[in-house]
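It should be emphasised that the depicted structure is a prediction, and the values quoted were computed from it without experimental measurement.
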Amino acid sequence: MDINLIDNTSRRYCKYGIWLTSALTFAVIIAISVNWLDISLVSALAVSALYSIIVNLAYGSLWKRIAKSAPGTMAKFYLAASALRLITAALVVIVFCVINRSDKELIRNFIFVFFAFYLVMLVFDSVFFARIEKNNNLKIEK
């Protein structure tokens with residue numbers, strides 16, 4: 001894969017991830033404002049959006065570094081990055097639950113919102129990088 005293409009792909013991944021996180025955040029804010037969702041979701045929304053953006057930017061920069069230095073190990077990177085994302089997500093949920101252990105409804109709402117963000121970003125990563133790898137494999141075969 002060309003270095004310029006790797007840079008562009010990483011930049012595009014980060015940009016799309018931020019757009020997707022912003023769209024999800026905006027949708028939840030609208031749902032809160034029209035009373036479809038409980039107002040107590042504001043802290044859950046903030047933590048979920050911040051986590052998604054930080055993980056997205058870290059994943060994009062690590063992907064770029066690995067794609068440039070060791071393109072043959074991309075399958076291992078995808079597996080390790082997904083496992084690391086799962087562990088960090090579990091840690092965020094545990095820390096939030098410990099901090100707010102007296103408010104069961106807040107914890108339930110947080111887990112609902114965080115899980116929604118996590119799933120959407122997981123699907124986005126899978127689709128985005130599956131397309132990248134498919135196009136990369138098609139170019140290698142030609």
Side-chain angles (χ1 to χ4, degrees), residues 1-33 36-142:
M1 199 176 220
D2 182 28
I3 290 179
N4 291 331
L5 184 59
I6 291 171
D7 288 337
N8 288 340
T9 301
S10 175
R11 213 172 303 120
R12 197 177 52 192
Y13 168 77
C14 291
K15 181 174 63 172
Y16 291 170
I18 289 171
W19 285 355
L20 184 58
T21 302
S22 300
L24 281 171
T25 304
F26 186 65
V28 173
I29 287 171
I30 289 188
I32 290 171
S33 69
W36 288 342
L37 295 176
D38 190 13
I39 194 69
S40 68
L41 291 176
V42 173
S43 62
L45 180 61
V47 171
S48 300
L50 186 63
Y51 174 82
S52 295
I53 288 173
I54 289 171
V55 168
N56 180 340
L57 294 176
Y59 196 92
S61 65
L62 285 173
W63 180 87
K64 179 170 72 172
R65 187 175 297 153
I66 298 296
K68 285 181 178 179
S69 64
T73 62
M74 292 307 293
K76 291 178 186 175
F77 167 75
Y78 293 132
L79 180 63
S82 294
L84 187 61
R85 176 181 298 201
L86 179 65
I87 291 168
T88 58
L91 286 174
V92 168
V93 169
I94 289 169
V95 167
F96 189 88
C97 291
V98 167
I99 291 172
N100 298 299
R101 65 180 159 251
S102 62
D103 191 355
K104 303 285 188 214
E105 187 175 341
L106 181 65
I107 291 172
R108 187 178 59 244
N109 290 340
F110 170 76
I111 290 173
F112 172 71
V113 171
F114 191 82
F115 186 67
F117 271 77
Y118 183 84
L119 278 180
V120 168
M121 293 307 292
L122 192 64
V123 169
F124 164 68
D125 287 345
S126 300
V127 170
F128 185 87
F129 287 113
R131 284 181 158 175
I132 296 300
E133 292 300 323
K134 180 180 174 186
N135 290 339
N136 191 25
N137 289 339
L138 289 177
K139 289 179 185 177
I140 290 172
E141 290 176 3
K142 288 182 180 181

Hey, does [Y] have a side-chain heavy atom less than 4.5 Å from the side chain of [X]?
{"X": "Arg12", "Y": "Ile132", "value": "yes"}
{"X": "Thr9", "Y": "Phe128", "value": "yes"}
{"X": "Tyr78", "Y": "Glu133", "value": "yes"}

Query raised in the report: Considering residues at least two apart in sequence or located in another chain, which fulfil the side chain to side chain donor-acceptor pair (under 3.5 Å) criterion with Tyr51?
Result: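 Thr88.
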Query raised in the report: For Asp125, what residues pass the side chain to side chain donor-acceptor pair (under 3.5 Å) criterion, not counting sequence neighbours?
Result: Tyr13, Arg85
Query raised in the report: With distance as the sole test, does Thr21 use its side chain to make a donor-acceptor pair with the main-chain N or O of Ile18 at under 3.5 Å?
Result: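 Judged by distance alone, no pair lies under 3.5 Å.
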**Report entry** Verdict with supporting geometry, Val93 and Cys97, side chain to side chain contact (heavy atoms under 4.5 Å, CB included)
**Finding:** CA-CA 6 Å; Val93 169; Cys97 291; 4.1 Å; yes
Requested in this report: Please identify each residue that fulfils side chain to side chain contact (heavy atoms under 4.5 Å, CB included) with Leu122, with sequence neighbours left out.
Outcome: Tyr118
Query - Plane angle bin for Tyr59 and Phe77 - parallel if under 30°, tilted between 30 and 60°, otherwise perpendicular - result: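 Correct class here is tilted.
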Query - side chain to side chain contact (heavy atoms under 4.5 Å, CB included) assessment of Val28 paired with Leu24 - result: CA-CA 6 Å; Val28 173; Leu24 281 171; 5.6 Å; no
Requested in this report: Can you see which heavy atom on Ile6 is nearest to which on Ala67, and at what distance?
Outcome: CD1-O, 3.6 Å
Query raised in the report: Can you tell me if NZ on Lys76 sees more than 12 non-hydrogen neighbours from other groups inside 6.0 Å?
Result: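 Check fails, neighbour count at 12 or below.
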Requested in this report: Test Asn56 against Tyr16 for side chain to side chain contact (heavy atoms under 4.5 Å, CB included), laying out the working first.
Outcome: CA-CA 9 Å; Asn56 180 340; Tyr16 291 170; over 6 Å; no
Query - Test applied, ring pair (Phe, Tyr, Trp, His ring centres under 6.0 Å); reference residue, Phe114; option that passes from Phe117, Phe112, Phe110 - result: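 It is Phe110, the one option of Phe117, Phe112, Phe110 that forms the ring pair (Phe, Tyr, Trp, His ring centres under 6.0 Å) with Phe114.
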